[in-house]
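In what follows, a structure is listed as structure tokens, so that the remarks can point back to it.
Everything numeric in this text was worked out from a predicted model, so none of it was measured. Below, all heavy atoms of this structure are taken into account, side chains as well, without hydrogens, waters or symmetry copies.
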Amino acid sequence: MPISFFYPMFALVLFSFLFGLSMFFIRVNSARGGKTDLKFFKTYSEGKASDTVVKWGQHFTNLFEVPVIFYACCITFLALNLYSSTALVLAWMFFALRLLHAFIHVTYNKVIHRALAFFAGVFCLMGMWVCLFLEVAKWS
């Protein structure tokens with residue numbers, strides 16, 4: 001069912017909102033605790049900021065980069081009333097890998113682990129687009 005693509009997309013949107021809310025509280029607590037200067041938030045280049053504030057901010061920005069292509073793919077499946085069980089599995093894998101990527105980034109942040117999670121998600125996303133292409137090609 002094409003509507004199935006709504007659910008992993010909604011899960012990532014919900015995660016993004018929750019992550020953003022968490023980031024807000026981390027920033028407030030860091031500023032209150034004197035670990036981050038308020039002037040840092042003017043341009044994100046002045047003053048000092050804690051590593052935690054920087055990592056959470058960078059990751060929040062990242063949630064609006066590659067995932068945009070994920071949303072476009074899911075919305076295209078929905079709009080064209082197309083379905084691929086393979087693409088749906090890849091969509092849920094992409095979501096799970098975004099969670100893993102976030103966890104790695106804001107906790108122990110080992111770059112190779114983070115890169116593996118990131119690129120595994122990118123390959124899932126590429127697979128979704130191939131599935132979409134094949135479904136559209138059936139119309140031709």
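There is no path of hydrophobic side-chain contacts, each under 4.5 Å, that joins Val28 to Val54. Linking ILVMFWY side-chain heavy atoms closer than 4.5 Å, directly or via other members, places Val106 and Ile104 in two distinct hydrophobic clusters. Placement of Ile75 and Phe77 within a single hydrophobic cluster is found when ILVMFWY residues are connected by side-chain heavy-atom separations under 4.5 Å, directly or transitively. The cluster map of Ile, Leu, Val, Met, Phe, Trp and Tyr, joined by side-chain heavy atoms under 4.5 Å apart, puts Trp56 and Leu100 in different clusters.
Screening residues 118-135 for salt bridge (charged side-chain N to carboxylate O under 4.0 Å, His left out) gives Glu135-Lys138 as the qualifying pairs, with residues at least two apart or on separate chains. Every pair passing ring-ring contact (aromatic ring centres under 6.0 Å, His included) that includes a residue from residues 117-140 is listed here, sequence neighbours excluded: His101-Phe118. Here side-chain hydrogen bond (donor to acceptor under 3.5 Å, both in side chains) pairs that include residues 83-92, with residues two or more places apart or in two chains, number zero. Contacts classified as salt bridge (charged side-chain N to carboxylate O under 4.0 Å, His left out) and involving residues 52-70 (residues at least two apart or in different chains) are not found. Applying the side-chain hydrogen bond (donor to acceptor under 3.5 Å, both in side chains) test to every pair with at least one member in residues 111-121, sequence neighbours left out, gives these pairs: Tyr108-His113, Asn109-Arg114.
Other cluster members for Ile112: Leu116, joined by side-chain heavy-atom distances under 4.5 Å among Ile, Leu, Val, Met, Phe, Trp and Tyr.
Residues forming a ring-ring contact (aromatic ring centres under 6.0 Å, His included) with Phe25 (at least two apart in sequence, or on another chain): none. Every residue two or more places apart in sequence or in another chain that forms a side-chain hydrogen bond (donor to acceptor under 3.5 Å, both in side chains) with Tyr44 is listed here: Arg27. Under the ring-ring contact (aromatic ring centres under 6.0 Å, His included) criterion, Phe64 pairs with Phe60, not counting sequence neighbours.
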Determine, step by step, whether Val130 and Met126 satisfy the side chain to side chain contact (heavy atoms under 4.5 Å, CB included) criterion, reporting the C-alpha distance in whole Å, the side-chain angles of both residues, the deciding distance to 0.1 Å, and the verdict.
CA-CA 6 Å; Val130 168; Met126 287 172 41; 5.6 Å; no
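Residues Leu99 and Phe103 are not in side-chain contact: their nearest non-hydrogen atoms beyond the backbone lie 4.5 Å or more apart. Two residues are said to be in side-chain contact when any heavy atoms from C-beta on lie closer than 4.5 Å; Gln58 and His105 meet this criterion.
Summarising the geometry, atom CG belonging to Leu90 is positioned 10.0 Å from atom CG belonging to Leu97; distances are rounded to the nearest 0.5 Å. For the atom pair OG1 (Thr76) and CG (Asn81), the distance works out to 13.0 Å, reported to the nearest 0.5 Å.
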Identify all side-chain donor-acceptor contacts of residues 36-43 below 3.5 Å with residues at least two apart in sequence or on another chain.
unit_1	atom_1	unit_2	atom_2	d
Thr36	OG1	Ser30	OG	2.5
Thr36	OG1	Ser50	N	3.1
Asp37	OD2	Lys48	N	2.9
Thr43	OG1	Ser45	N	3.3
Thr43	OG1	Ser45	OG	2.9

Only distances under 3.5 Å count here; give the side-chain donor-acceptor pairs of residues 2-20 to other protein atoms, sequence neighbours excluded, each with its distance to 0.1 Å.
unit_1	atom_1	unit_2	atom_2	d
Ser4	OG	Met1	O	3.0
Ser16	OG	Leu12	O	2.9

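Listed here is the closest heavy atom pair of Ala91 and Met128: CA-SD, 3.6 Å.
Annotation: Phe24, atom CZ; neighbour count of heavy atoms from other residues, nucleotides and ligands within 6.0 Å does not exceed 12.
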